[in-house]
Amino acid sequence: MHLSVVIPAHNEETLLPRTLAALAGSIAAARADPALGLTAAEVIVVDDASTDRTGAIAAGAGARVVRIDRRQISASRNAGARAALGDALVFVDADTVVPPAVLREALATLKAGAAGGGAFPRFDGAIPRYARILLPVFLAVVRLSRATGGCFLFCTRAAFDASGGFDETLYATEEVWFCRNIRRRAGRFVILRETVITSARKLRAYSARELLGLLARCAVRPGRIRQREHLGLWYGPRRDDPGGAAPRLP
């Protein structure tokens, strides 16, 4: 098995080093497990219009850097997949730590015949009270849809091609449709029991009113997810993380 890890990134110089360091350890652990049959691995960072040191940090850590100028998460993931050499693809957000057990289970799941899968996150640092109340409900709804968030997804190259990749007409929820297309067009989609660790910076930087208001507006007018200007949570100027901690290595 040849593994390609794709990391979409825009101005991620703060959290990307921790993500890359964790991946290096997890990949080394996977290569040491003869049951997985991992013969080669690469990390691809898709630097999408960054104005900071994202690309330099990625290259310094030994990752292959692909540069695009789209400011779109779907396009970034697809660009990384096009450049990838592996027959197993893993998509990881730039603010997400992947413990060794998660990567191992993902690869074992593919080796056992699944087309793809994903993992749910747990969040670093403190999160607001409203988020502690709403997150279990939100995660339960997503789980019922048999999808996961985009911070950790995996699939075979054949399944990615059969699914059509990530929908570049969407600026949000593209991961939900990707999971659905894997199931419909490629085969079994598995949600792992293990969790990754992702940054709660958006939950700390935005109020409940702002986040719930955005969700409500998108629910009333679904076409907004196809328009970048309505999705400031993901595409607007990044707010400072008030008191947040970087995800810790497992």
Side-chain angles (χ1 to χ4, degrees), residues 7-19 22 48-54 70-77 91-98 118-145 147-153 166-167 169-179 191 195-248:
I7 304 173
H10 170 75
N11 287 351
E12 291 287 3
E13 66 179 6
T14 301
L15 295 182
L16 183 61
R18 190 66 61 100
T19 296
D48 188 357
S50 294
T51 56
D52 65 0
R53 297 184 62 252
T54 291
R70 292 284 299 275
R71 280 300 285 124
Q72 186 188 27
I73 191 74
S74 298
S76 296
R77 291 188 180 122
F91 300 92
V92 178
D93 280 357
D95 62 353
T96 298
V97 163
V98 180
F120 284 107
R122 50 194 170 97
F123 293 92
D124 71 296
I127 61 174
R129 184 169 180 268
Y130 82 86
R132 293 197 299 271
I133 295 170
L134 293 178
L135 274 174
V137 177
F138 174 76
L139 291 176
V141 171
V142 175
R143 188 179 289 275
L144 285 173
S145 73
T148 65
C151 59
F152 184 84
L153 293 165
F166 293 90
D167 186 346
T169 70
L170 298 175
Y171 287 85
T173 73
E174 75 291 330
E175 68 272 32
V176 175
W177 294 101
F178 179 74
C179 296
I191 299 176
T195 57
V196 294
I197 307 165
T198 198
S199 174
R201 56 188 172 179
K202 290 185 177 69
L203 297 176
R204 291 187 286 258
Y206 286 81
S207 68
R209 180 177 179 181
E210 289 175 305
L211 286 171
L212 294 176
L214 172 62
L215 293 176
R217 290 191 295 274
C218 289
V220 172
R221 298 181 60 187
R224 285 174 178 263
I225 64 174
R226 300 181 187 275
Q227 299 170 323
R228 184 191 294 111
E229 59 270 25
H230 294 302
L231 301 170
L233 177 68
W234 295 282
Y235 297 102
R238 181 168 295 147
R239 298 182 182 181
D240 291 335
D241 184 346
R248 292 179 294 178

Output yes when R201 and E12 qualify as a salt bridge under the 4.0 Å nitrogen-oxygen rule, no when they do not.
yes
Between F123 and T195, is any pair of side-chain heavy atoms under 4.5 Å apart?
no
Nearest-0.5 Å distance that lies between atom CD1 in I127 and atom CZ in R204
9.0 Å
Please check this pair: side chain of T19 against backbone of A94, looking for a donor-acceptor N/O pair closer than 3.5 Å.
yes
For a side chain to side chain donor-acceptor pair (under 3.5 Å) check, start with the C-alpha distance between T51 and N11, then their side-chain angles and the critical distance, and finish with the verdict.
CA-CA 6 Å; T51 56; N11 287 351; 3.3 Å; yes
R77 bridged to D93 by N-O distance under 4.0 Å:
yes
Quick test of your reading: applying side chain to side chain donor-acceptor pair (under 3.5 Å), list the pairs with at least one residue in residues 207-216, sequence neighbours left out, ordered by first then second residue.
S207-E210, E210-R239
Does the side chain of S199 come within less than 4.5 Å of L15's, by heavy atoms?
yes
Salt bridge between D48 and R70, side-chain N to carboxylate O under 4.0 Å?
no
Donor-acceptor pair, E13 side chain versus R53 backbone, under 3.5 Å?
yes
A side-chain contact here means heavy atoms from C-beta on lying under 4.5 Å apart; do R18 and V97 qualify?
yes
Suppose we screen for ring pair (Phe, Tyr, Trp, His ring centres under 6.0 Å). Which residues come up paired with Y171, at least two apart in sequence or across chains?
Y235
Identified side-chain contact (heavy atoms from CB on, under 4.5 Å) counterpart of D95 within the set L16, I197, T198:
T198
Could you give me the CA-CA distance, side-chain angles and deciding distance for I73 and F91, then say whether side-chain contact (heavy atoms from CB on, under 4.5 Å) is met?
CA-CA 11 Å; I73 191 74; F91 300 92; over 6 Å; no
If we only count heavy atoms from C-beta on, is the T96 to I7 side-chain gap below 4.5 Å?
no
